[in-house]
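Written below as structure tokens is the structure these notes are about.
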Amino acid sequence: MKLEEQVRFVRGIGPKKAELLQKLGIVTLEDAIQCYPRGYEDRTHIVPIAHLADGEKQCIHAVVGAQPKTAHIRKGMDVTRCTVYDTSGSIPLRFFNNRYAAAALEVGKEYAFYGKVQAEGRAFVMLAPEFEPVGADNKTGRIVPIYPLTAGLHQKDLYRVTEAALQAVPADYPDFLPEKIRKPQGLPPLAEALAHIHRPQNMEQAQQARHRMVFEELFLLSCGMRLLRSRRAGQSGVQLRDLSLHAFYRALPFSLTAAQQRAIEACTMDIAAGKPLSRLIQGDVGSGKTMVAAALCYLAARNGRQAVIMAPTELLAQQHIQTMQPLFEKLGISCGLLTGSMGARQKRETLQAMESGEIAIVIATHAVLSDNVSFHDLAVAVVDEQHRFGVSQRASLTAKGENVHLLVMSATPIPRTLALLIYGDLDVSIIDELPPGRQKIKTYAVGEKTRPRIDRFIDNQCAEGGQVYVVCPLVEDSELTDTARNSAESTAERLSRILPHRTVGLVHGRTKAAERERIMADFAAGNIDILVSTTVIEVGVNVPNATLMVVENGDCFGLSQLHQLRGRVGRGKRQSFCIFYGADKGEEARERLRTLVQTSDGFAIAQKDLEMRGAGDFFGTRQHGLPPMKMADLAGDTRLLEQAQQAANVLLADDPDCSNAPLLRAKVQKLFDQCGDGGLN
Ligand code: ADP
Ligand code: MG
């Protein structure tokens, strides 16, 4: 067979199995060969019966001692027993509903058995072993690949199709990894790696093959991101001739930090150089990223062009417009808001004003991405809290104009290697300085027995004129298994009861947008003392008068998320506090929370979070815009990731659009197609 042929033509695979295989993404033999084992069973070690270990699958060579006996246990269940021995001892075998075993095993003959060994009383028994005559070496004596399955498929099906696929690999199968990348890394060529990953002769081969596949994956990804970047770099950006920011600086109520100024300068230098700006602003919560965005928007408006800031939630869009509108009004620049929940008439008016250019600066949610939204002359696009948006959404925002300058702001510090990947198409500025006068937030991890004291502390903060956030993981008691009383609703109810002289507000995911907005506005205006909420307030919300953040069930959140939450306080001049419940939930919970007590460096926390939970959980359900990883573990394979990135840089430095390696280019394209990105074209 040929690699392009469909697996349904493989012997033993019919249309039914083919359909199941399709669920695993396997249609052709070529697909099959890219379905790698998720693990291996090493059946090469023959264990003397006397040395068998409890609970593991092991291989023995043993002689059948007596005729196997089958007993009918109950309806539909026959058990066949048979004792086998080697020079070290003997062990009973047990088969279930296996007539074949009962008939095939011959007394006095030696077989290789492979099965799970289990203790029963003082003795061991081997359960449902696979077997074959010694020397056959089909099921034993080798390393057996274990494939991912779906209901209705068996290992032997996957074995069949991968076997057919391996046979179909031609001797001159081309390797899309150029030799000059592969050689220095000591990676096996593709055909060899494929043979070894599917049918390793020893575990070292399997390991080497996996190493190549992981490298390959990370390398493709790195190349893709670099191609995205160099493609933009080859274009010219919108010309903004007047880059003077004096008036903007004068209109600000404070002077910018050195880090903010550096970030703004880096942007204006890119623009002055005629490049399209593609820059990520990474900075800890509260570092003042918004002002960098505002400066860029101002420049667009000053040059008679338009700018847009896209925020991930309505709440944030609202907050941005509240801070920007007064600022830009002073400068004689018109601002508008565009969100999904706007009334039809208002929306129509806004859309018209955007199209005519009447509105210079638009603050929006992703509603701005829809097809019916267009700008008169978009020059600057800002994406706030970007990793909630995908790579493709970035692209569709900049597509609203020509050669638009792009600024991305990430509120979640992420470890460097990951940042290089996810934002590999961007230049990076880091804001590593907080506005002056901020005090360190005093952080405590506490358990239940401290609750009465914390309740009094909440009251005290209010008495001193501060405000309090209380964050709970879930909406209703019914969603919690153990500590039901900590849910948002019951917490709000409890606090109003024990602190009747304080106003308590409640916001959760099911609160209607308008209602939520009203409550948030009330809290911002100081009419609510204590705001109880689920994580809807997580990102970006800014109430400088809030001095205390209490998080219930702190052990249920990721570290980065907790750090984000903590960033909601400490935005004013007063000493702020953060209290995490959950320190009494075991050693792991305590260690996690301790990290937060000890450090306020968002990058260090992110690194710790990544190490403790792995990349999948790190991002949670959030979209990070990357193609799915098959082999690589973004948290664990960081060294390899760095090597892959370096290799990609070297290769593309000589050949920026990868035209000398068309196979590689096609492969990268395919990877990015998978994430629905259309990314490279
Ligand atoms: P983030 O980086 O988390 O988006 P923001 O841009 O929301 O932070 O800024 C947090 C707060 O700090 C806002 O109230 C903002 O007005 C204020 N701020 C920003 N820059 C400065 C500065 N240079 N001096 C004083 N306050 C500042
Ligand atoms: Mg922000």
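Being a predicted model, the structure only gives us computed values, none of them experimental. Atoms within each ligand, like the ligands themselves, are counted from 1 in listed order. Numbering of residues begins at 1 and proceeds along the displayed sequence.
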Under 4.0 Å from any heavy atom of [X], which atoms of ligand 1 are there?
{"X": "Thr290", "result": "4 (O), 5 (P), 6 (O), 7 (O)"}
{"X": "Leu256", "result": "23 (N)"}
{"X": "Thr257", "result": "23 (N)"}
{"X": "Ser287", "result": "2 (O), 8 (O)"}

Among pairs that include at least one residue of residues 270-279, which meet side-chain hydrogen bond (donor to acceptor under 3.5 Å, both in side chains), considering only residues two or more places apart or in two chains?
Arg232-Ser278, Asp270-Arg279, Arg279-Ser429

Determine, stepwise, if the pair Leu252 / Phe248 fulfils side-chain contact (heavy atoms from CB on, under 4.5 Å).
CA-CA 7 Å; Leu252 289 177; Phe248 175 76; 4.0 Å; yes

Run the contact test for Gly283 against ligand 1 with a 4.0 Å cut-off on heavy atoms, strictly below, and give the result.
no

For ligand 1, is Ser255 a contact, meaning one of its heavy atoms is under 4.0 Å away?
yes

Looking at Arg594, I want to see if its CZ is surrounded by more than 12 non-hydrogen atoms of other residues, nucleotides or ligands under 6.0 Å.
yes

In this structure, are over 12 heavy atoms from other groups packed under 6.0 Å from His246 atom NE2?
no

Got a sec, which residues hit side-chain hydrogen bond (donor to acceptor under 3.5 Å, both in side chains) with Arg518, two or more places apart in sequence or on another chain?
Glu515

Test side-chain contact (heavy atoms from CB on, under 4.5 Å) applied to Val368 and Leu397, step by step:
CA-CA 8 Å; Val368 73; Leu397 185 61; 3.8 Å; yes

Judged on heavy-atom distance to atom 20 (N) of ligand 1, which of Gln260, His320, Met291 sits nearest?
Gln260

Could an N or O of ligand 1 be found under 3.5 Å from any N or O of Pro435, whether backbone or side chain?
no

